[in-house]
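As structure tokens, the structure follows; a few thoughts come after it.
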2 protein chains.
Amino acid sequence: MVHAETWAELALERLRRESGRSGTARREVVELLGRHDCCVSALELHDALRARGSRVGIASVYRTLEGLDRSGLVERVDLGDGIARFEPARGDEHHHHHFLCDDCGKVEPFADPALEAALERLAGGSGFAVDAHDVVLRGACGDCRAPVT
Amino acid sequence: MVHAETWAELALERLRRESGRSGTARREVVELLGRHDCCVSALELHDALRARGSRVGIASVYRTLEGLDRSGLVERVDLGDGIARFEPARGDEHHHHHFLCDDCGKVEPFADPALEAALERLAGGSGFAVDAHDVVLRGACGDCRAPVT
DNA sequence: CCAGCCGATGAGAACGGGTATCATTATCGC
DNA sequence: GCGATAATGATACCCGTTCTCATCGGCTGG
Ligand SMILES: [Zn+2]
Ligand SMILES: [Zn+2]
Ligand SMILES: [Zn+2]
Ligand SMILES: [Zn+2]
């Protein structure tokens, strides 16, 4: 493989190709996002960058995420709390969905082949051209369930 | 059954029991929502009511929906566009999920036993107490796919 | 290497769905 | 009817996200 690149390097190169320019904010956001395996919000990214001394503006965080989304480089995750979260799109082998604890807000990723198979079968048999699907499970996590034992 | 009621009548009675009072706004919202089988937004309900001459305030719409949600009388549907939608909870036999067209915004409900089975198996085998799940399929609907034929 | 073009950036205003507040209205037990 | 009190509606507010615009800075022609 000539391009033994990380997701971050690949994403940066792809973004650069679109406009012919690069920039510091973009690079910082992409590199930080690249260290995550599961979803992060724009505000979390912004706060983390500012905490380490960066001067990135929140607008640049959103702009970068929007660009990544347009190019299919991130997955947009909506857990129903009105906050958009993003995670690097690393391909089918990393595809997963999320469990959300209603009590403590913890987010846990999970993958299930049977679920994916059911979704694919469903997509194929419908009159729609399905190109994405989201699944969110809600309930109580191990720490929060049965606190009165 | 003594109470051969519609969903709207049942919901109104249940809400009334919680506070001992009834009101016009509440009744209008519940009755209108009861005529829907699939998801509607608070604004859509409000607009429809005002259009027919009602003086309901948007706050009452949200308050009613919140009360219905607390009592499990509605399903809260999140399609990822930042707008909360609601549909009457009429029981398992009416349980369904949604397909959303990215082009025209059309929402189409669907039900699939295999999908539900996969979700139940998944919930049982996890360390979580899953009590709700959401599935959203996204893509192009029949009208919007292959416009160049 | 330099000047200058033009996209990228950041501060802050604007936007919009949803919530909180509060004075007023309407319901229910008496 | 009367009073206590929940329900209501107008509106201020909150907060995540998007828009605006003056400035900055990466790239390219010279
Ligand atoms: Zn994830
Ligand atoms: Zn928890
Ligand atoms: Zn529906
Ligand atoms: Zn469509």
Side-chain angles (χ1 to χ4, degrees), chain A residues 11-33 39-71 74 76-86 105 107, chain B residues 11-33 39-71 74 76-86 105 107:
Chain A
L12 271 179
E13 191 181 315
R14 200 90 70 85
L15 286 181
R16 172 114 134 273
R17 209 169 294 163
E18 285 188 358
S19 66
R21 292 279 175 92
S22 95
T24 314
R26 186 181 289 182
R27 179 166 42 254
E28 288 180 335
V29 171
V30 169
E31 282 178 357
L32 178 54
L33 182 58
C39 49
V40 210
S41 71
L43 190 59
E44 285 169 343
L45 290 171
H46 185 243
D47 286 350
L49 289 173
R50 304 289 282 213
R52 70 167 68 161
S54 167
R55 299 189 164 282
V56 210
I58 188 71
S60 289
V61 177
Y62 280 109
R63 275 188 294 245
T64 302
L65 291 171
E66 186 198 345
L68 291 171
D69 191 31
R70 266 203 315 272
S71 301
V74 291
R76 195 183 286 258
V77 178
D78 181 358
L79 299 178
D81 58 355
I83 298 176
R85 290 151 206 271
F86 304 83
V107 176
Chain B
L12 271 178
E13 190 182 315
R14 200 90 71 86
L15 286 181
R16 171 115 134 273
R17 209 171 292 165
E18 284 187 359
S19 66
R21 293 279 175 93
S22 94
T24 314
R26 186 181 289 181
R27 177 166 42 254
E28 287 180 335
V29 172
V30 169
E31 282 178 358
L32 178 54
L33 183 57
C39 48
V40 210
S41 72
L43 191 59
E44 284 169 344
L45 290 171
H46 185 243
D47 286 350
L49 289 173
R50 303 288 282 214
R52 71 166 68 160
S54 166
R55 299 189 162 282
V56 209
I58 188 70
S60 289
V61 177
Y62 280 111
R63 275 188 294 247
T64 302
L65 291 171
E66 186 198 346
L68 292 171
D69 191 31
R70 265 204 315 272
S71 300
V74 291
R76 194 183 287 257
V77 177
D78 181 359
L79 298 178
D81 59 354
I83 298 176
R85 289 152 206 271
F86 303 83
V107 176

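Labels below follow one simple rule: chain letters A, B, ... track the order of the sequence lines, proteins then strands, and each chain is numbered from 1.
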### Message
What range of DNA chain D does chain B touch, first nucleotide to last, counting atoms under 4.0 Å from its heavy atoms?
### Response
D:dA4 to D:dA10
## Note on the structure
Ordered by number, residues from residues 77-85 of chain A within less than 4.0 Å of DNA chain D (heavy atoms) are A:G82, A:I83, A:A84
### Query
Should A:L33 and A:L68 be marked as a side-chain contact (heavy atoms from CB on, under 4.5 Å) after you check the CA-CA gap, both sets of side-chain angles, and the distance that decides it?
CA-CA 11 Å; A:L33 182 58; A:L68 291 171; 3.9 Å; yes
Donor-acceptor pairs are to be reported for all side-chain atoms of residues 21-29 of chain B against protein atoms at under 3.5 Å, with residues two or more places apart or in another chain.
residue, atom, partner, partner atom, Å
B:R26, NH1, B:R21, O, 3.1
B:E28, OE1, B:S54, OG, 2.6

### Message
Generate the contact string for nucleotides 1-8 of chain C. Rules: B means base contact, S means sugar-phosphate contact only, - means no protein heavy atom under 4.0 Å.
### Response
----BBBS
Rounded distance (Å) that lies between atom [atom2] of [N] and atom [atom1] of [X]:
X: B:L12; N: C:dT27; atom1: CG; atom2: P; result: 14 Å
X: B:L65; N: C:dG18; atom1: CG; atom2: P; result: 10 Å
X: B:E66; N: C:dT19; atom1: CD; atom2: C1'; result: 9 Å

### Task
With sequence neighbours excluded, tell me which residues meet side-chain hydrogen bond (donor to acceptor under 3.5 Å, both in side chains) with A:R85.
A:D81
### Message
Can you list everything that forms a side-chain hydrogen bond (donor to acceptor under 3.5 Å, both in side chains) with A:D47? Sequence neighbours excluded, please.
### Response
none
### Query
Got a second to check how far A:R76's CZ is from A:L65's CG, nearest 0.5 Å?
8.0 Å
### Query
CG/B:L43 to CD1/B:I58 distance, rounded to the nearest 0.5 angstrom?
5.5 Å
## Note on the structure
Quick note, salt bridge (charged side-chain N to carboxylate O under 4.0 Å, His left out) partners involving residues 57-68 of chain B, not counting sequence neighbours, are B:E66-B:R70
### Task
Could you list the residues that satisfy side-chain contact (heavy atoms from CB on, under 4.5 Å) with B:R14, not counting sequence neighbours?
B:L10, B:L73
### Message
Let me test you: for the helix from C:dC1-D:dG30 to C:dC30-D:dG1, what is the angle between the axes at its two ends (five pairs each), rounded to 10 degrees?
### Response
30°
### Query
Residues from residues 39-52 of chain B sitting under 4.0 Å of DNA chain C, heavy atoms only?
none
### Query
salt bridge (Lys or Arg N to Asp or Glu O under 4.0 Å) with A:R17: which residues, sequence neighbours excluded?
A:E13
### Query
Given B:V56 and B:L45, is the side-chain contact (heavy atoms from CB on, under 4.5 Å) satisfied, shown in steps?
CA-CA 10 Å; B:V56 209; B:L45 290 171; over 6 Å; no
### Task
Give one of base, sugar-phosphate or nothing for B:R27, where a contact means two heavy atoms less than 4.0 Å apart.
nothing
### Task
Starting from the 5' end of DNA chain C, give me the residue, B:R76 or A:S60, whose nearest nucleotide shows up first.
A:S60
### Query
Is there a side-chain contact (heavy atoms from CB on, under 4.5 Å) between A:V77 and A:V107 once you walk through the steps?
CA-CA 11 Å; A:V77 178; A:V107 176; over 6 Å; no
